[in-house]
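Have a look at the structure below before the remarks.
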Amino acid sequence: MSHSFPSCPGRLGLYPVVDSLEWIARLLDAGVRTIQLRIKDRPAAEVEPVIEQAIALGRQYQARLFINDYWQLAIKHGAWGVHLGQEDLDVADLDAIRRAGLRLGLSTHDDSEIDRALAAQPSYIALGHVFPTQTKEMPSAPQGLEQLKKHVARLGSMPTVAIGGISLERAPAVLACGVGSIAVVSAITQADDWRAATAALLALAGTGDEADA
Ligand SMILES: Cc1ncc(COP(=O)(O)OP(=O)(O)O)c(N)n1
Ligand SMILES: Cc1ncsc1CCOP(=O)(O)O
Ligand SMILES: [Mg+2]
């Protein structure tokens, strides 16, 4: 029988998704407390030192650092959590992640993927992509705000994260759908002034350290 994964705050707040140690360090220093290291398709031996140092930094700042994809390395080095996609569910050892005490976030794009994610009893469910995105090639259409609102309502007390095309300008409308967190890549990493963008997004979404209401 499966059991649920360790819990997350109901509202994870601003959740930057970045691909380097440099971004992890500067965003933690800027006050971000929920963050993901997302390095795609590199050999494990190459990413292991980066993952290890990112986890150490996350601990130093008492932050919630999620590792995307590399779940074995996340377990080995004691990450706060792991983020996995639907395809990863076919191959990842969820029991091993749970036994190691790591939180689990799962990607979803529609109701049937939400069904599948709920069965795994994860720590949060990500809902995407909300708007068109240049950052990742997506096989499905953007779900838009109405669908996002329906999914958030369906998920009740399950912590939720919205992702995909969320800019500073769009963030208030996304948060108004009731989602507990906004995950962003380009809104920060492509901003003319990443510090100002991060501060403005933190002011809107919070850090995730706020007490659950
Ligand atoms: C918070 C968050 N939501 C969704 C994703 C996408 O994850 P996944 O479906 O595994 O795709 P890749 O990021 O691995 O390309 C995410 N990383 N983070
Ligand atoms: C990793 C990922 N998964 C769904 S959309 C996305 C990319 C989001 O990037 P951006 O915030 O730049 O649209
Ligand atoms: Mg992934």
Side-chain angles (χ1 to χ4, degrees), residues 5-85 88 92 96-107 122-124 126 135-136 159 161-163 166 168 171 180-191 193-212:
F5 282 82
S7 64
C8 278
R11 304 185 72 81
L12 282 162
L14 176 64
Y15 184 176
V17 174
V18 294
D19 64 0
S20 71
L21 205 51
E22 289 71 23
W23 273 115
I24 299 273
R26 58 171 79 118
L27 289 172
L28 290 176
D29 196 51
V32 165
R33 289 295 171 265
T34 305
I35 193 162
Q36 181 184 129
L37 180 66
R38 175 178 181 264
I39 297 175
K40 293 303 293 180
D41 305 323
R42 306 302 307 161
E46 182 182 318
V47 296
E48 181 163 7
V50 181
I51 287 176
E52 187 175 9
Q53 290 174 74
I55 291 170
L57 267 178
R59 277 217 199 92
Q60 190 185 316
Y61 282 87
Q62 296 183 299
R64 294 168 288 275
L65 174 81
F66 288 87
I67 302 295
N68 184 52
D69 295 352
Y70 294 90
W71 57 271
Q72 293 102 326
L73 292 176
I75 292 174
K76 180 173 174 186
H77 296 289
W80 202 78
V82 173
H83 183 92
L84 296 178
D88 304 312
I97 299 170
R98 190 188 295 104
R99 272 198 308 274
L102 275 59
R103 286 86 187 159
L104 177 68
L106 290 177
S107 296
S123 312
Y124 74 76
T135 306
K136 176 177 159 84
V161 176
I163 188 166
I166 304 175
L168 179 57
S181 170
I182 49 173
V184 302
V185 180
S186 53
I188 289 177
T189 61
Q190 305 294 314
D193 180 343
W194 70 265
R195 277 183 195 283
T198 302
L201 286 162
L202 277 172
L204 289 170
T207 61
D209 284 351
E210 300 81 8
D212 281 340

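In this chain, numbering begins with 1 at the start of the sequence shown.
Residue pairs that meet the side-chain hydrogen bond (donor to acceptor under 3.5 Å, both in side chains) test with at least one member in residues 193-204, sequence neighbours left out, do not exist here. Every pair tested for salt bridge (charged side-chain N to carboxylate O under 4.0 Å, His left out) that includes a residue from residues 16-39 fails, sequence neighbours excluded, so the list is empty.
Partner of Y70 under the side-chain contact (heavy atoms from CB on, under 4.5 Å) criterion, out of R42, H77, E48: R42 alone.
Here the closest non-hydrogen pair linking L102 and A79 is CG-O, 3.3 Å. Between P16 and L27, the shortest heavy-atom distance links the atoms CB-CD1, 3.7 Å. A pairwise comparison of heavy atoms in A44 and L73 identifies O-CD1, 3.9 Å as the closest pair. The nearest pair of heavy atoms linking Y15 to I35 is CE2-C, 3.6 Å. Closest approach of A187 to I166, counting heavy atoms only: CB-O, 3.3 Å.
I39 is not listed as a side-chain neighbour of N68, based on a closest heavy-atom distance of 4.5 Å or more. Between L84 and I97, the closest side-chain pair of non-hydrogen atoms falls below 4.5 Å. Contact of the L57 side chain with the L65 side chain is not registered, since no non-hydrogen atoms from C-beta on lie closer than 4.5 Å. Between L104 and R98 the shortest side-chain heavy-atom distance does not fall below 4.5 Å. Between L14 and I182 the shortest side-chain heavy-atom distance falls below 4.5 Å. W80 has its side chain within reach of C8: a pair of non-hydrogen atoms, C-beta onward, lies under 4.5 Å apart.
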Practice task
Apply the test side-chain contact (heavy atoms from CB on, under 4.5 Å) to residues S123 and F66: give CA-CA distance (whole Å), side-chain angles for both, the deciding distance (0.1 Å), then the verdict.
Solution key: CA-CA 11 Å; S123 312; F66 288 87; 5.7 Å; no
Practice task
Might you work through the side-chain contact (heavy atoms from CB on, under 4.5 Å) test for I188 and V32, ending with a clear yes or no?
Solution key: CA-CA 12 Å; I188 289 177; V32 165; 5.5 Å; no
Practice task
Show the numbers, then the answer: is there a side-chain contact (heavy atoms from CB on, under 4.5 Å) between T189 and T135?
Solution key: CA-CA 11 Å; T189 61; T135 306; over 6 Å; no
Practice task
Check the pair I67 / W71 against side-chain contact (heavy atoms from CB on, under 4.5 Å), numbers first and verdict last.
Solution key: CA-CA 7 Å; I67 302 295; W71 57 271; over 6 Å; no
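With a 6.0 Å radius and a threshold of 12 heavy atoms from other residues, nucleotides or ligands, Q62 has its CD atom at or below the threshold.
T34 places no side-chain N or O within 3.5 Å of a backbone atom of G208 that could act as its donor or acceptor partner. A donor-acceptor pair under 3.5 Å links the side-chain atoms of R59 to the main chain of G78, judged by distance alone.
Here E52 pairs with nothing under the salt bridge (Lys or Arg N to Asp or Glu O under 4.0 Å) rule; sequence neighbours left out.
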